[in-house]
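Take a look at the structure set out below.
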Amino acid sequence: MPRHVATFTLAALLGGFAIATPYRRAQPRGDGSGLAVIALTETTLGPDRAARAAVWESVRAGERDLPNQKGLLGHALRRELLGNRAWTMTVWEREEDLDRFVTSHAHRQAIRTGSPGRAGQRCATVTRPRAAGPLPWAEALDVLAREGEGDRRRRAPIRPAP
């Protein structure tokens with residue numbers, strides 16, 4: 001089999017596979033009762049390599065700043081191995097904490113830096129019991145497919161604890 005055919009076949013097989021970072025918990029706050037706000041994003045990357053690299057640098061910069069954000073409970077990232085999609089999940093104590101992060105200098109800078117490499121984005125939020133922890137990725141992807149809106153957040157219904 002010619003080398004380019006094998007490479008294409010491998011890419012097609014792995015195109016749908018994704019890897020994720022472990023969920024990183026922030027310093028525990030309170031007794032774990034009440035609701036948490038989970039923010040989800042799905043980003044489709046454009047074809048330009050330099051612009052895609054800028055997206056990943058902006059993601060790393062935003063991730064480095066997350067521990068400084070008031071109300072953060074935890075976060076995780078996911079991306080396709082050979083595809084062009086990536087996902088973020090951040091979990092917050094309150095909607096106000098999420099809003100403060102979204103309007104923070106670090107987040108605005110990350111968006112500005114990464115925008116040229118983005119071909120599209122969907123966002124959604126879910127409120128669920130804090131004790132339930134983060135959403136499993138399969139459920140998060142389902143929420144984004146059902147509830148996600150381009151470049152705007154939309155609150156999905158409260159999900160019961162598993």
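The closest donor-acceptor contact from the side chain of Arg52 to the backbone of Asn84 lies at 3.5 Å or more, if one exists at all. Under a 3.5 Å cut-off, the side chain of Glu80 and the backbone N or O of Phe17 do not form any donor-acceptor pair. In this structure, the side chain of Arg128 engages the main chain of Pro134 through a donor-acceptor pair within 3.5 Å.
Between Asp97 and Gly71, the closest heavy-atom pair is OD2-CA, 3.4 Å.
Side-chain contact between Ile38 and Thr125 is absent, with no heavy atoms from C-beta onward closer than 4.5 Å. Residues Arg130 and Leu35 are not in side-chain contact: their nearest non-hydrogen atoms beyond the backbone lie 4.5 Å or more apart. Trp87 is not listed as a side-chain neighbour of Leu40, based on a closest heavy-atom distance of 4.5 Å or more. With contacts defined as side-chain heavy-atom distances shorter than 4.5 Å, the pair Thr43/Arg122 does not qualify. Counting heavy atoms from C-beta outward, Glu42 and Arg85 have side chains that approach closer than 4.5 Å.
By the 4.5 Å side-chain criterion applied to Ile, Leu, Val, Met, Phe, Trp and Tyr, Leu45 is assigned to a cluster that also includes Val55, Trp56, Val59, Leu77.
Remark: Ser58 pairs with no residue by the side chain to side chain donor-acceptor pair (under 3.5 Å) rule, at least two apart or across chains. Annotation: side-chain contact (heavy atoms from CB on, under 4.5 Å) contacts of Ser104 (sequence neighbours excluded): Gln69, Phe101, Ala106, His107. Not counting sequence neighbours, the partners of Ala20 by the side-chain contact (heavy atoms from CB on, under 4.5 Å) test are Arg78, Trp137. In this structure Glu96 satisfies the side chain to side chain donor-acceptor pair (under 3.5 Å) test with no other residue, sequence neighbours excluded. Considering only residues two or more places apart in sequence or on other chains, Thr103 meets the side chain to side chain donor-acceptor pair (under 3.5 Å) condition with none of them. Residues that satisfy the side chain to side chain donor-acceptor pair (under 3.5 Å) test with Thr88, not counting sequence neighbours, are Thr41.
A salt bridge (charged side-chain N to carboxylate O under 4.0 Å, His left out) check over residues 56-66, counting only residues at least two apart or in different chains, returns the pairs Arg24-Glu63, Glu57-Arg60, Glu57-Arg64. Screening residues 68-77 for salt bridge (charged side-chain N to carboxylate O under 4.0 Å, His left out) gives no qualifying pairs among residues at least two apart or on separate chains.
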Please determine whether side-chain contact (heavy atoms from CB on, under 4.5 Å) holds for the pair Leu135 and Met89, giving the CA-CA distance in whole Å, both sets of side-chain angles, and the decisive distance to 0.1 Å. CA-CA 9 Å; Leu135 290 173; Met89 179 187 317; 4.3 Å; yes
Please test Arg25 against Val91 for side-chain contact (heavy atoms from CB on, under 4.5 Å), starting from the C-alpha separation and ending with a verdict. CA-CA 9 Å; Arg25 291 191 190 282; Val91 183; over 6 Å; no
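Taken to the nearest 0.5 Å, the NE2 atom of His75 stands 9.0 Å off from the OG1 atom of Thr90.
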